[in-house]
Amino acid sequence: MTITIPATRLTGDLITAALYNEIIIAIEHILTMQVDGGNLAAAVGNKALGWDMGDLKVSACLGDIDNRWLICNGRTIGNGSSGATARANADMERLYVYLWENVGISQLVIQNSSGVNTARGASAVADFSANKRLPLFNLKGRTVAGIDPDNVALSFAWSKLLGGTGGFERHRLLVGEMPIHTHNPSAGTTFLQGIAAGGGASLAAGTTVTNSATTASAGSDGEHNNVQPTMALNYLIYTGL
């Protein structure tokens, strides 16, 4: 397709209807071109909004958006022979390399072409060429928190790492987590006082006699809900296409 671009104009030139129409037609041609199997209009639109490869967005979409946005649910990316479950195509190399180099081995465990966890190779490019799969972030059922390498708000080891995960849906309190408290004896408990000792001699006044007693029981020893008020939507990652 040949696209005619309007000639360069000088400051002060009059914008005529004819020139305006030429510009509009040229833009329409550009935005309808197909490049590398993807729609240039969509790619131009994403860049115009400031999206960069690896960016995440929250969406009500139930599936991937073309090849540009993939749902972060632990599926994998790789080359055309990798058998990757999210996208197996050569155009995933840039995102693959970015995640491989910036996210730790423990956070994104690489797989061979059969989907079995394996060791990372010498480099991201080497693994991509070796048909290995790399998982996307798995954000199913998770909220997102900012990385905190200086323990400003969080003190967990996982909070210092890109892609680190932690927290629990439910939690059972440990003894050390319970508030300081006392227990009352069970109803009907009898304490011994003033009893005779040995040969019948009475205990002296003020003598303390200890006796075991069962305290009242309460609670079910169950786990408590640890989930904040939440709405379930999908997180998608921008592939840069």
Side-chain angles (χ1 to χ4, degrees), residues 39 42-43 45-78 84-87 92 94-96 98-111 115 117 133-184 215-241:
N39 189 286
N46 282 323
K47 292 305 297 180
L49 291 173
W51 296 113
D52 291 310
M53 183 191 61
D55 283 354
L56 298 181
K57 74 173 180 177
V58 179
S59 174
C61 291
L62 296 177
D64 301 330
I65 303 175
D66 300 327
N67 303 319
R68 297 169 292 119
W69 292 94
L70 303 178
I71 291 181
C72 293
N73 56 7
R75 295 173 303 157
T76 55
I77 57 174
T85 54
R87 181 160 174 77
M92 289 292 100
R94 288 180 60 240
L95 179 59
Y96 186 106
Y98 177 81
L99 293 175
W100 194 101
E101 293 181 345
N102 290 281
V103 184
I105 298 172
S106 299
Q107 286 69 55
L108 295 181
V109 181
I110 204 164
Q111 305 171 5
N117 291 349
R133 309 176 185 181
L134 187 69
L136 299 173
F137 297 118
N138 191 350
L139 283 163
K140 291 188 294 186
R142 290 192 177 276
T143 58
V144 174
I147 298 174
D148 191 9
D150 301 317
N151 297 334
V152 175
L154 297 171
S155 58
F156 303 105
W158 55 262
S159 68
K160 306 175 189 297
L161 305 171
L162 184 65
T165 57
F168 301 93
E169 178 184 1
R170 305 188 68 81
H171 178 68
R172 179 182 286 111
L173 287 177
L174 303 175
V175 173
E177 298 169 334
M178 296 179 184
I180 297 174
H181 63 286
T182 59
H183 291 274
N184 294 322
T215 59
S217 177
S220 62
D221 195 35
E223 297 177 335
H224 67 268
N225 181 16
N226 211 31
V227 178
Q228 62 186 329
T230 303
M231 175 180 289
L233 295 169
N234 270 319
Y235 283 101
L236 296 94
I237 189 168
Y238 181 45
T239 64
L241 299 181

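- To the nearest 0.5 Å, atoms CG (L108) and CG (L99) are separated by 6.0 Å.
- Within the model, atoms CG of L139 and OG1 of T165 stand 10.0 Å from one another, a figure rounded to the nearest 0.5 Å.
- Interatomic distance, CG of N73 versus CG of N138, reported as 6.5 Å (0.5 Å rounding).
- Counting non-hydrogen atoms of other residues, nucleotides and ligands closer than 6.0 Å to CD of E169 gives a total of 12 or fewer.
- Annotation: side chain of L241 is not in contact with side chain of R94 (no heavy-atom distance under 4.5 Å).
- A donor-acceptor pair is defined here as one N or O able to donate and one able to accept, closer than 3.5 Å; such a pair exists between the side chain of N225 and the backbone of V227.
- Formation of a donor-acceptor pair under 3.5 Å by the N234 side chain with backbone atoms of I71 is not found in this model.
- In L174, the CG atom is crowded: over 12 heavy atoms of neighbouring residues, nucleotides or ligands sit closer than 6.0 Å.
- Taking a 6.0 Å sphere around NZ of K140, one finds it holds 12 or fewer heavy atoms contributed by other residues, nucleotides or ligands.
- From Y235, atom OH reaches atom CG of L56 across 8.0 Å, with rounding to the nearest 0.5 Å.
- Annotation: the span from W69 atom CH2 to K57 atom NZ amounts to 5.0 Å, rounded to 0.5 Å.
- For the side-chain hydrogen bond (donor to acceptor under 3.5 Å, both in side chains) with R87, the lone residue among T76, D64, N67, T239 that qualifies is N67.
- At least one donor-acceptor pair under 3.5 Å links the side chain of D148 to the backbone N or O of L154.
- Side chains of V103 and L134 form no contact here, defined as non-hydrogen atoms less than 4.5 Å apart.
- For R172 (side chain) and D221 (main-chain N/O), a donor-acceptor pair under 3.5 Å exists by modelled atom type.
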